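Notes for the one structure printed next.
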Amino acid sequence: MATTKYPPLSRAVDSIGTMDRRVQFHKLTVTKKKGAEKKSYALEATKWGHVRFDTGAEVVDADAFTAYGRVQVTIYWYADLLGASGKAWKMIIEGVEYNIQHVAPIGRRFLRINAERWQ
């Protein structure tokens, strides 16, 4: 049986980038009170991450201004985020909210998170 050799952690971190920004992860919670549902986000974790701002655009349509931005975040492994997407999770970076679109593992130590924001 062949064994897989992984690169040293320091080399893997060098290829990912410096994890120098705090990223908060919030999970959607639904509470029922007297037959009515109340949706809110609760803080689940705060992690250090490498943040890369990918693209952005501004659109003016019918006198309404819309801004769009994408971000890619790499963090150390956090199993609760696997499979997170859609409206169930969001993340906050420096006070700005992003909707998580996709979470993918990078090897066995890191997660790459793609998110976007509309304003």
Side-chain angles (χ1 to χ4, degrees):
M1 182 169 147
T3 60
T4 305
K5 289 192 173 188
Y6 293 98
L9 183 58
S10 61
R11 196 172 343 144
V13 171
D14 288 343
S15 66
I16 288 170
T18 306
M19 294 193 182
D20 59 353
R21 301 223 185 165
R22 297 298 278 171
V23 181
Q24 294 180 336
F25 294 95
H26 296 257
K27 187 175 184 180
L28 181 65
T29 58
V30 179
T31 55
K32 291 185 179 183
K33 205 175 216 182
K34 296 182 181 178
E37 286 187 353
K38 181 181 178 187
K39 296 180 181 181
S40 62
Y41 285 92
L43 178 65
E44 288 288 316
T46 302
K47 303 285 185 183
W48 286 104
H50 173 73
V51 178
R52 189 178 90 197
F53 297 96
D54 286 339
T55 59
E58 296 174 349
V59 178
V60 178
D61 186 29
D63 296 330
F65 176 78
T66 303
Y68 166 80
R70 263 202 173 129
V71 67
Q72 189 175 79
V73 177
T74 304
I75 62 169
Y76 285 104
W77 191 268
Y78 181 55
D80 289 351
L81 278 178
L82 285 175
S85 65
K87 302 218 181 262
W89 286 84
K90 70 178 180 180
M91 65 182 176
I92 298 177
I93 304 167
E94 297 174 355
V96 179
E97 291 183 10
Y98 293 90
N99 295 322
I100 296 175
Q101 300 300 312
H102 181 70
V103 179
I106 302 173
R108 297 166 63 180
R109 295 184 176 130
F110 303 100
L111 292 177
R112 177 150 299 141
I113 303 150
N114 294 316
E116 64 183 16
R117 118 180 225 245
W118 289 89
Q119 181 182 19

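Only a predicted model underlies this, so the values are computations on that prediction, with no experimental measurement involved.
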Kindly indicate, with the supporting measurements, whether the criterion side chain to side chain donor-acceptor pair (under 3.5 Å) is fulfilled by N114 and Q101. CA-CA 6 Å; N114 294 316; Q101 300 300 312; over 6 Å; no
Non-hydrogen atoms of E44 and Y78 that approach each other most closely: O-OH, 3.8 Å
How would you list, by chain and number, every residue that makes a salt bridge (charged side-chain N to carboxylate O under 4.0 Å, His left out) with R52, sequence neighbours excluded? D54
Assess the residue pair W89 and H26 against the criterion (side chain to side chain contact (heavy atoms under 4.5 Å, CB included)); give the C-alpha distance rounded to whole Å, side-chain angles, the decisive distance to 0.1 Å, and a yes or no. CA-CA 6 Å; W89 286 84; H26 296 257; over 6 Å; no
Just grab all the salt bridge (Lys or Arg N to Asp or Glu O under 4.0 Å) pairs involving residues 95-107, residues at least two apart or on different chains. K90-E97
Step by step, would you call T74 with I106 a side chain to side chain contact (heavy atoms under 4.5 Å, CB included)? CA-CA 9 Å; T74 304; I106 302 173; 4.1 Å; yes
L111 and F53: same hydrophobic cluster, using ILVMFWY side-chain contacts below 4.5 Å? yes
Under the salt bridge (charged side-chain N to carboxylate O under 4.0 Å, His left out) rule, collect the residues that match up with E116, sequence neighbours excluded. R70
Excluding sequence neighbours, so at least two apart, what forms side-chain hydrogen bond (donor to acceptor under 3.5 Å, both in side chains) with R21? E94
The criterion is side chain to side chain contact (heavy atoms under 4.5 Å, CB included); which residues satisfy it with K38, sequence neighbours excluded? T31
S40: which residues meet the side-chain hydrogen bond (donor to acceptor under 3.5 Å, both in side chains) condition with it, sequence neighbours left out? T29
Is it true that L81 and I92 fall in one hydrophobic cluster, defined by side-chain heavy atoms closer than 4.5 Å? no
Run Q24 and L43 through side chain to side chain contact (heavy atoms under 4.5 Å, CB included) and show every step you take. CA-CA 7 Å; Q24 294 180 336; L43 178 65; 3.8 Å; yes
To check you understand the geometry: which heavy-atom pair defines the closest contact between Y76 and M19, and what is its length? CE1-SD, 3.5 Å
Closest approach of V23 and F25, non-hydrogen atoms and distance? CG1-CZ, 3.6 Å
Salt bridge (Lys or Arg N to Asp or Glu O under 4.0 Å) pairs, two or more places apart, involving residues 71-85: none
Atom pair CE/CD1 of M91 and I113 - distance to nearest 0.5 Å: 5.5 Å
For H50, side-chain hydrogen bond (donor to acceptor under 3.5 Å, both in side chains) partners two or more places apart: none
Kindly compute the distance separating CG (L28) from NZ (K39), expressed to the nearest 0.5 Å. 6.5 Å
Distance-minimising heavy-atom pair for Y41 and A88: CE2-O, 4.1 Å
May I ask you to check if R108 and W77 form a cation-pi contact, with NZ or CZ under 6.0 angstrom from the six-membered ring centre and within 45° of the axis? no
